[in-house]
> 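This is the structure, below, for whatever I ask next.
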Amino acid sequence: MQDKYLPADIERAAQQHWDSTEAFRVTADASKPKYYCLSMFPYPSGKLHMGHVRNYTIGDVLSRFHKMKGFNVLQPMGWDAFGLPAENAAIKNQVPPAKWTYDNIAYMKQQLKSLGFAIDWRRELATCTPEYYKWNQWIFLRMLEKGVAERKTQVVNWDPVDQTVLANEQVIDGRGWRTGAVVEKREIPGYYLKITDYADELLGDLDELTGWPERVKLMQANWIGKSTGVRFAFKHDIAGDDGALINDGKLWVFTTRADTIMGVTFCAVAAEHPLALHAAKGNAELTAFIEKCKHGSVMEADMATMEKEGLPTGLFVTHPLTGKQVEVWVGNYVLMSYGDGAVMGVPAHDERDFAFAKKYSLPIEQVVAVGDKPYSLDAWQEWYGSKDGACVNSGKYDGLGYEAAVDAIAADLAAQGIGEKKVQWRLRDWGISRQRYWGCPIPIIHCDSCGSVPVPDDQLPVVLPEDCVPDGSGNPLHKREDFLNVPCPCCGKPARRETDTMDTFVDSSWYYARYATTFGKDKMVDDETNYWMTVDQYIGGIEHAILHLLYSRFWTKVMRDLGLVTYREPFAHLLTQGMVLNNAFFHKPEGGGKNYYWESELDIRKDAKGQITGATLKKDGTVLEHELTTMSKSKNNGVDPQSLIEQYGADTARFFMMFAAPPEQTLEWSDAGVEGAYRFLRRVWSFGHLFASEIRGQIGAQRQLAGTKLPDDVAAFRREIHLLLKQANYDLGKQQFNTVASATMKMLNALEKAPRQGALAAEVIEECFGILLRVLSPLTPHISHALWLDLGYGDDILKAAWPEPLDAALVQDEVELMLQVNGKLRGALRVPADAPKDAIEAAALAHEATLKFLEGRAAKKVVVVPGRLVNIVG
RNA sequence: GCCCGGAUGGUGAAAUCGGUAUACACAGCGGACUUAAAAUCCGCCGGCGCAAGCCUUGCGGGUUCAAGUCCCGCUCCGGGCACCA
């Protein structure tokens with residue numbers, strides 16, 4: 001064998017071996033347990049970044065580990081290929097998004113291959129191909145038929161200069177990213193999927209997902225947001241222009257704090273609410289305010305942090321329980337799309353209402369007391385919002401606690417026929433229409449006579465023209481007459497195609513099911529999906545904890561209801577990988593936006609601790625700001641793993657990535673330590689060479705290891721390796737790969753110091769190095785493959801059984817216990833491994849450190865923790 | 001603003017059920033080998049103290065024989081907030 005570690009040669013040979021043996025090609029096989037290991041597919045942004053390397057190495061470690069454990073392992077890969085960045089690249093480079101995307105896929109695929117991932121490439125898919133997105137269209141039509149999909153209006157960001165809809169990402173500080181124009185809200189029609197119909201099941205089934213991190217389930221539960229409250233109406237006699245009462249004379253609101261209804265001092269409605277629009281007639285100030293509410297962001301974070309503003313309408317409604325008149329205000333913080341577009345105002349017990357009431361001098365009336373704490377109007381206090389109090393100043397409800405008060409008040413409202421208890425969800429229906437080109441066309445044809453007509457199944461897929469180049473001024477499909485003009489499927493008259501495309505979350509909501517099929521042209525999924533699904537292990541960034549995972553769960557349930565699959569949840573176990581962060585440097589030009597620069601374009605100043613204190617642009621000295629954030633194409637802070645792979649090889653890149661931190665932890669990128677990983681692999685190789693040249697030859701024709709009592713030093717070494725193996729196996733079970741990597745380093749440290757003279761010692765080294773190679777193989781498959789083969793362990797390490805520690809190697813006669821006096825470490829105690837508790841106590845009490853630190857006091861208590869320590873309290 | 005996480009040496013991190021804090025590495029320092037350099041190997045490496053010893057897991061409290069780990073209150077950093085993926 002080569003005496004030098006040459007990763008490029010080793011890796012090429014190993015990858016050729018896997019290719020020629022079709023090592024990772026799998027089919028359904030009922031004779032083995034199956035293991036479907038799936039990593040979130042990448043967006044083909046151009047090059048892999050370190051987050052991808054982390055994600056796919058984790059998946060590969062788990063896949064290879066399970067393969068050696070005897071599982072039938074499926075690990076597929078594909079491309080989440082539709083999306084906004086391709087259009088941005090098109091605007092910048094005048095290249096059609098399709099070409100840019102397919103070029104990126106080709107490059108990134110070669111990068112993935114060079115990392116040696118155990119992928120069944122026959123199952124590769126790209127969501128931008130008609131073969132794939134045909135089924136988005138097909139199932140969308142089924143959803144329309146079942147009423148799961150419907151058309152209604154949606155609120156979007158509108159750039160008044162470019163005359164185009166903007167994504168939230170394209171709105172920066174309330175302005176359009178390209179034009180700098182103040183963004184407006186605009187209502188347009190679009191298609192929605194009724195995920196709210198599944199809210200109960202999506203919430204309830206979280207309990208079955210025992211393989212998911214609690215934090216992710218908690219985030220999903222909070223997002224779905226089930227709350228029980230009371231929906232009730234304030235009556236009024238306000239009539240519209242047609243003479244009829246507006247909304248039948250009822251202003252409906254929803255509250256989770258019905259116990260505070262007696263404290264209502266105002267109501268607030270959304271700017272688009274019928275009462276607001278009615279009041280605005282002939283009221284210039286209110287009209288202007290409503291107009292102002294239409295500007296600004298649709299994003300929840302902006303809504304929640306903006307200054308709460310309002311204006312009175314001069315209209316009054318009647319309190320249903322007190323009969324008092326309550327003034328109606330228009331509030332910029334009330335959303336028409338949420339509930340009934342109106343809320344009751346109880347400033348005494350709601351922090352937001354409190355601030356609003358103070359600002360506009362509205363009355364504040366305490367109706368809940370906690371103990372005898374004094375209520376002061378000066379400032380909001382935490383307990384004002386508590387549910388642990390009792391009603392006061394509330395007439396017949398005085399003295400009732402939260403639940404009793406809600407029950408009594410709901411009953412009284414129900415008796416009047418103007419209220420009832422109601423479950424409310426925070427979850428909203430999923431709007432999937434996007435006014436963008438590079439996405440899956442929504443299969444609808446608009447006909448002047450027949451309305452919106454679904455494209456018949458036999459005309460699917462509606463193929464997206466791939467030669468358009470967007471220019472930022474709107475969807476280029478609007479100019480494609482060949483795409484637009486189509487006869488109506490109903491009446492045959494000239495009609496126009498829908499130009500909206502689907503949210504890319506649609507594409508990623510079912511790809512896992514498609515991988516697990518034979519990619520038939522006549523079916524979305526075939527029966528093979530029921531063999532492979534559910535995914536045994538899903539791996540991806542924590543940033544997908546809510547949206548992508550929730551949409552996928554919803555989609556699976558819809559497919560089940562359509563009879564396409566038999567399972568109800570897509571992902572049994574979930575590993576949420578921490579983000580790989582890097583500094584991003586930007587400058588905020590006048591007129592809004594952020595211009596990001598590559599680190600190579602800058603002069604960066606750091607303090608003694610390496611903290612960045614400032615950065616300027618090399619070419620003109622512009623002072624830049626910086627933030628620590630996820631690696632992303634748009635922020636010019638992605639680190640391409642290519643140079644790492646070229647310089648050190650894939651095994652080093654993989655090992656270093658796994659060693660750097662536990663998978664779930666956020667990781668600030670730094671390549672400090674790559675050298676160490678490379679050095680380690682070089683030492684592994686050298687030891688293999690040493691084993692072949694100096695140690696292996698000592699092994700006799702007859703193996704003696706089994707049943708022979710080993711010399712103490714050999715036994716101690718063997719025990720150390722088996723202990724490390726036990727630890728590594730435990731850590732693999734916990735999916736904590738950084739300590740698996742350290743265990744392999746500790747194994748090599750021990751091997752290098754191990755006794756190596758004589759047949760027995762050589763045999764033990766052979767056994768222990770074999771353990772090291774197998775534990776290492778999921779992390780660094782190439783070097784493990786080469787050494788396994790070259791050293792004669794077998795012809796393919798992939799077919800080797802995973803090592804397990806031997807009890808015979810682990811036994812020990814004596815254990816060392818820590819000795820504490822009053823909780824402080826004062827010494828150590830060696831006792832026989834099977835020493836009884838009273839013998840340990842006696843030995844501890846007699847120890848010189850005990851006598852010294854008790855300073856003549858008697859021991860009041862002795863705590864013995866078996867195998868760990870003794871603590872003497874005196 | 002709301003929801004969810006995180007913080008341990010100069011750095012990445014370890015500590016399985018509340019039981020030896022800093023394993024394994026990186027960087028640094030000292031030494032061996034070498035004409036020299038690289039590579040490799042050996043040693044040191046939280047703070048204070050001559051030492052005995054004392055202090056130390058973001059900050060402030062608490063529970064316990066014992067707290068990085070549990071509880072309460074903060075600070076800072078990261079993720080998500082529905083049209084980035």
Side-chain angles (χ1 to χ4, degrees), chain A residues 40 42-43 45 80 82-85 88 154 156-157 165-171 213-216 218-219 221-223 225 298-306 351-352 426-436 503-505 508 541-548 550-551 576 578-579 581 608-610 628-630 632-634 656 659-662 664-668 670 672-677 679-680 682-683 686 727 730-731 733-734 736 738-739 741-746 749 816-825 828 860-863 865 867-874:
Chain A
M40 290 180 187
Y43 178 78
S45 56
D80 188 13
F82 274 137
L84 204 50
N88 296 341
Q154 52 179 348
V156 296
N157 303 304
V165 175
L166 297 177
N168 282 341
E169 192 192 45
Q170 297 171 318
V171 179
E214 286 304 321
R215 61 169 164 157
V216 174
L218 195 54
M219 280 190 260
N222 289 339
W223 183 264
V298 298
M299 281 178 266
E300 187 187 298
D302 294 334
M303 301 293 293
T305 49
M306 72 186 180
E351 188 168 6
R352 193 170 56 177
R426 206 190 77 96
L427 183 67
R428 309 200 296 259
D429 280 332
W430 175 13
I432 59 158
S433 292
R434 298 289 178 272
Q435 297 68 44
R436 261 175 271 295
D503 181 3
T504 55
F505 274 124
S508 56
I542 183 67
E543 76 274 24
H544 294 295
I546 296 174
L547 291 180
H548 162 60
L550 192 66
Y551 291 146
T576 45
M579 309 268 65
L581 307 181
K609 282 195 159 188
L628 192 60
T629 183
T630 57
S632 143
K633 178 110 189 150
S634 59
F656 170 64
F659 182 60
E664 303 215 282
Q665 196 161 113
T666 303
L667 183 64
E668 287 178 35
S670 156
V674 175
E675 283 283 350
R679 196 147 49 212
F680 167 68
R682 228 165 26 203
R683 277 169 56 210
S686 300
Q727 181 70 53
Y730 177 83
D731 289 344
K734 273 203 310 181
Q736 186 172 295
N738 56 325
T739 49
S742 353
T744 63
M745 290 175 142
K746 290 176 189 176
N749 290 346
E816 187 175 55
L817 302 181
M818 291 304 113
L819 176 62
Q820 292 183 342
V821 180
N822 288 327
K824 295 205 174 195
L825 183 65
K860 286 185 224 150
K861 185 174 180 182
V862 181
V863 182
V865 184
R868 290 273 187 185
L869 58 69
V870 184
N871 187 17
I872 293 166
V873 186

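As the structure is a computational prediction, the values presented were derived from the model and not from experiment. Each chain gets a letter, A, B and so on, in the order its sequence line appears, and its residues count up from 1.
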> Tell me if a side-chain donor or acceptor on A:N822 pairs with a main-chain N or O of A:G874 at a distance below 3.5 Å.
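Yes, A:N822 side chain to A:G874 backbone: donor-acceptor pair under 3.5 Å.
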> Considering every strand and a 4.0 Å limit on heavy-atom distances, what is the contact class for A:V674: base, sugar-phosphate, or nothing?
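Since no nucleic acid heavy atom lies under 4.0 Å of A:V674, the category is nothing.
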> To the closest 0.5 Å, what do you measure between CZ (A:F680) and OG1 (A:T744)?
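Rounded to the nearest 0.5 Å, the CZ-OG1 separation comes out at 3.5 Å.
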> Taking A:G823's backbone N and O only, do any of them form a donor-acceptor pair with A:N871's side chain (distance below 3.5 Å, no angle check)?
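Answer holds: yes.
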> Want to settle it: does A:V298 or A:L825 sit nearer the 5' end of RNA chain B, counting the closest nucleotide to each?
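Of the two residues, A:L825 wins.
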> Would you kindly give the CD-to-C1' distance between A:E543 and B:A82, to the nearest whole Å?
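Those two atoms, CD and C1', are 15 Å apart.
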> What's the closest nucleotide to the side chain of A:L547 if the choices are B:C3, B:A13, B:A85?
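Nearest to the side-chain atoms of A:L547, counting from C-beta on, is B:A85.
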> Hey, does A:Q727 reach any base, or is it just sugar-phosphate, or nothing, if we go heavy atoms under 4.0 Å?
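Answer is base: heavy atoms of A:Q727 come under 4.0 Å of a base.
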> Which one, B:C84, B:A85, B:G5, comes nearest to the side chain of A:N168?
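Nearest to the side chain of A:N168 among the choices is B:C84.
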> Got a donor-acceptor contact below 3.5 angstrom from the A:R426 side chain to the A:W223 backbone?
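Such a contact is found between A:R426 side chain and A:W223 backbone.
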> At what distance, to the nearest 0.5 angstrom, does CG of A:L550 lie from NE2 of A:H544?
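The distance works out to 14.0 Å.
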> Output the distance between atom CG (A:N88) and atom CD (A:E169), rounded to the nearest 0.5 Å.
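Those atoms lie 7.5 Å apart.
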> What is the nucleic acid contact for A:Q435, judged by heavy atoms within less than 4.0 Å: base, sugar-phosphate only, or nothing?
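If one applies the 4.0 Å heavy-atom cut-off, A:Q435 turns out to touch a base.
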> Closer to the 5' end of RNA chain B via nearest nucleotide, is it A:M818 or A:L84?
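Residue closer to the 5' terminus by nearest nucleotide: A:M818.
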> Can you figure out which of B:G1, B:A14, B:G80 approaches the side chain of A:T305 most closely?
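The closest nucleotide is B:G1.
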> Choose from B:A14, B:C81, B:C84 the nucleotide whose nearest atom is closest to any side-chain atom of A:W223.
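Output: B:C81.
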> When we call it a touch if two heavy atoms are under 4.0 Å apart, what does A:Q154 touch: a base, just sugar-phosphate, or nothing?
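A:Q154: base contact, heavy atoms under 4.0 Å.
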> Among B:A14, B:G12, B:G78, which is the nearest nucleotide to the side chain of A:F659?
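Between B:A14, B:G12, B:G78, the one nearest the side chain of A:F659 would be B:G12.
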> Students often get this wrong, so: under 4.0 angstrom with heavy atoms, is A:M299 touching a base, only sugar-phosphate, or nothing?
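Contact class for A:M299: sugar-phosphate only.
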> With syn defined as a glycosidic torsion within 90 degrees of 0 and anti otherwise, which applies to B:C50?
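You should classify B:C50 as anti.
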> Heavy atoms under 4.0 Å is the rule here; annotate nucleotides 55-67 of chain B 5' to 3' with B where the base is hit, S where only the sugar-phosphate is, and - elsewhere.
S---------B--
> Looking across every strand, which nucleic acid part, if any, lies under 4.0 Å from A:L166 by heavy atom: base, sugar-phosphate, or nothing?
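Contact class for A:L166: base.
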> If the cut-off is 4.0 Å, is A:R215 near the phosphate of B:G6, judged by side-chain N/O to OP1 or OP2?
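No, no such contact exists.
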> Looking at every strand, decide which applies to A:H544 at a 4.0 Å heavy-atom threshold: base, sugar-phosphate, or nothing.
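Base: the residue A:H544, judged by heavy atoms under 4.0 Å, touches a nucleobase.
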> Taking atom C1' in both B:G9 and B:G60, what distance in whole Å separates the two?
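Here B:G9 and B:G60 have their C1' atoms 23 Å from each other.
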> Nearest to the side chain of A:K734, which nucleotide is it out of B:A15, B:C81, B:A23?
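Of the candidates, B:A15 comes closest.
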> With heavy atoms under 4.0 Å as the rule, sort A:R868 into base, sugar-phosphate or nothing.
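Answer is sugar-phosphate: A:R868 comes under 4.0 Å of backbone atoms only.
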> Indicate, with a heavy-atom threshold strictly under 4.0 Å, whether A:Q736 touches base, sugar-phosphate, or nothing.
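Contact class for A:Q736: sugar-phosphate only.
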> Write down the distance between CG (A:N222) and C1' (B:G5), rounded to a whole number of angstrom.
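Answer to the nearest Å: 13 Å.
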> To the nearest Å, how far apart are A:D503 CG and B:C84 C1'?
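Answer to the nearest Å: 11 Å.
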> With respect to the phosphate group of B:G79, does any side-chain polar atom (N or O) of A:T629 fall under 4.0 Å of OP1 or OP2?
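Affirmative; the distance criterion is met.
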> To the nearest 0.5 Å, how far apart are OG1 in A:T739 and NZ in A:K734?
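NZ of A:K734 is found 6.5 Å from OG1 of A:T739.
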> Within the structure shown, what part of the strands sits under 4.0 Å from A:P662 by heavy-atom distance: base, sugar-phosphate, or nothing?
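Sugar-phosphate: the residue A:P662, judged by heavy atoms under 4.0 Å, touches backbone atoms but no base.
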> Give the nucleotide from the list B:G19, B:C26, B:G78 with an atom nearest to the side chain of A:V865.
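Looking only at side-chain atoms, A:V865 lies closest to B:G19.
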> What contact category does A:Y730 fall into here, base, sugar-phosphate, or nothing, at under 4.0 angstrom with non-hydrogen atoms?
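The answer is base, as A:Y730 lies within the cut-off (heavy atoms under 4.0 Å) of a base atom.
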> Rounded to the nearest Å, what distance is computed from the CG atom of residue A:D731 to the C1' atom of nucleotide B:C24?
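So the CG-C1' distance, A:D731 to B:C24, works out to 12 Å.
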> In whole angstrom, give the distance that lies between atom CZ of A:F680 and atom P of B:U40.
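In whole Å, B:U40 P and A:F680 CZ are 14 Å from each other.
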> Could you work out the separation of B:C50 and B:G5 based on their C1' atoms and round it to a whole Å?
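Each nucleotide's C1' atom is 47 Å from the other's.
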> Can you give the dot-bracket line for RNA chain B, where a pair is Watson-Crick or G-U wobble with both atom distances under 3.5 Å, crossing pairs use [ ], and | marks a partner on another strand?
(((((((..(((......[....))).(((((.......))))).(((....)))..(((((..]....))))))))))))....
> Would the distance check show the side chain of A:N157 and the main-chain N or O of A:L166 forming a donor-acceptor pair, the cut-off being under 3.5 Å?
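Indeed, once roles are kept as given, a pair shorter than 3.5 Å links the two residues.
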> Please tell me if the side chains of A:P213 and A:E664 come closer than 4.5 Å, counting only heavy atoms from C-beta onward.
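Sidechains of A:E664 and A:P213: in contact.
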> Of the nucleotides B:C24, B:G78, B:G1, which one has an atom closest to the side chain of A:N749?
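Of the options given, the side chain of A:N749 lies nearest B:C24.
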> Are A:L825 and A:L819 side-chain neighbours, meaning at least one heavy-atom pair lies under 4.5 Å?
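No; the side chains remain at least 4.5 Å from each other.
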> In this structure, how many angstroms lie between the C1' atom of B:C81 and the CZ atom of A:R428, rounded?
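Rounded to whole Å, this separation is 9 Å.
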> Rounded to the nearest Å, what distance is computed from the CG atom of residue A:L628 to the C1' atom of nucleotide B:C76?
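Going from CG in A:L628 over to C1' in B:C76 covers 13 Å.
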> A:S742 has a side chain; which of B:A14, B:C24, B:C26 sits nearest to it?
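Closest nucleotide among those given: B:C24.
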> Answer whether the closest heavy-atom distance between the side chains of A:F505 and A:W430 falls below 4.5 Å.
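Touching, per the 4.5 Å side-chain cut-off.
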> For B:A14 and A:N738 - does any side-chain N or O of the residue sit under 4.0 Å from the phosphate oxygens OP1/OP2?
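Yes, within the criterion.
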> Ignoring backbone atoms, test whether A:Q665 places a side-chain nitrogen or oxygen under 4.0 Å from the OP1 or OP2 oxygen of B:G6.
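Indeed not, no polar side-chain atom of A:Q665 lies that close.
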> Kindly label the base of B:G28 as syn or anti, based on whether its glycosidic torsion lies within 90° of 0.
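Anti, which is what one calls it when the glycosidic angle falls more than 90° from 0.
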> Is A:S670 touching bases, backbone alone, or none of the nucleic acid, heavy atoms closer than 4.0 Å?
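No contact at all - A:S670 keeps every heavy atom at 4.0 Å or more from the nucleic acid.
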> Considering only heavy atoms from C-beta outward, does the side chain of A:N738 approach that of A:Q736 to under 4.5 Å?
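Yes - at least one pair of side-chain heavy atoms lies under 4.5 Å apart.
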> Compare the minimum distances between each of B:G12, B:A82, B:C3 and the side chain of A:A660, then state the nucleotide with the smallest one.
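Among the listed nucleotides, the one closest to the side chain of A:A660 is B:G12.
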> Rounded to the Å, how far apart are A:R426 CZ and B:C2 P?
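These atoms are roughly 13 Å apart.
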> Applying a 4.0 Å non-hydrogen cut-off, can you work out what A:R682 is touching in the nucleic acid: base, sugar-phosphate, or nothing?
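A:R682: backbone/sugar contact only, no base atoms under 4.0 Å.
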> If you round to the nearest 0.5 Å, how far is CZ of A:R679 from OG of A:S686?
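Between atom OG of A:S686 and atom CZ of A:R679 there are 13.0 Å.
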> Using atom types as modelled and distance alone, determine if a side-chain donor or acceptor of A:Q170 lies under 3.5 Å from a backbone N or O of A:A167.
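Yes; judged by distance alone, with no hydrogens or angles, the pair exists.
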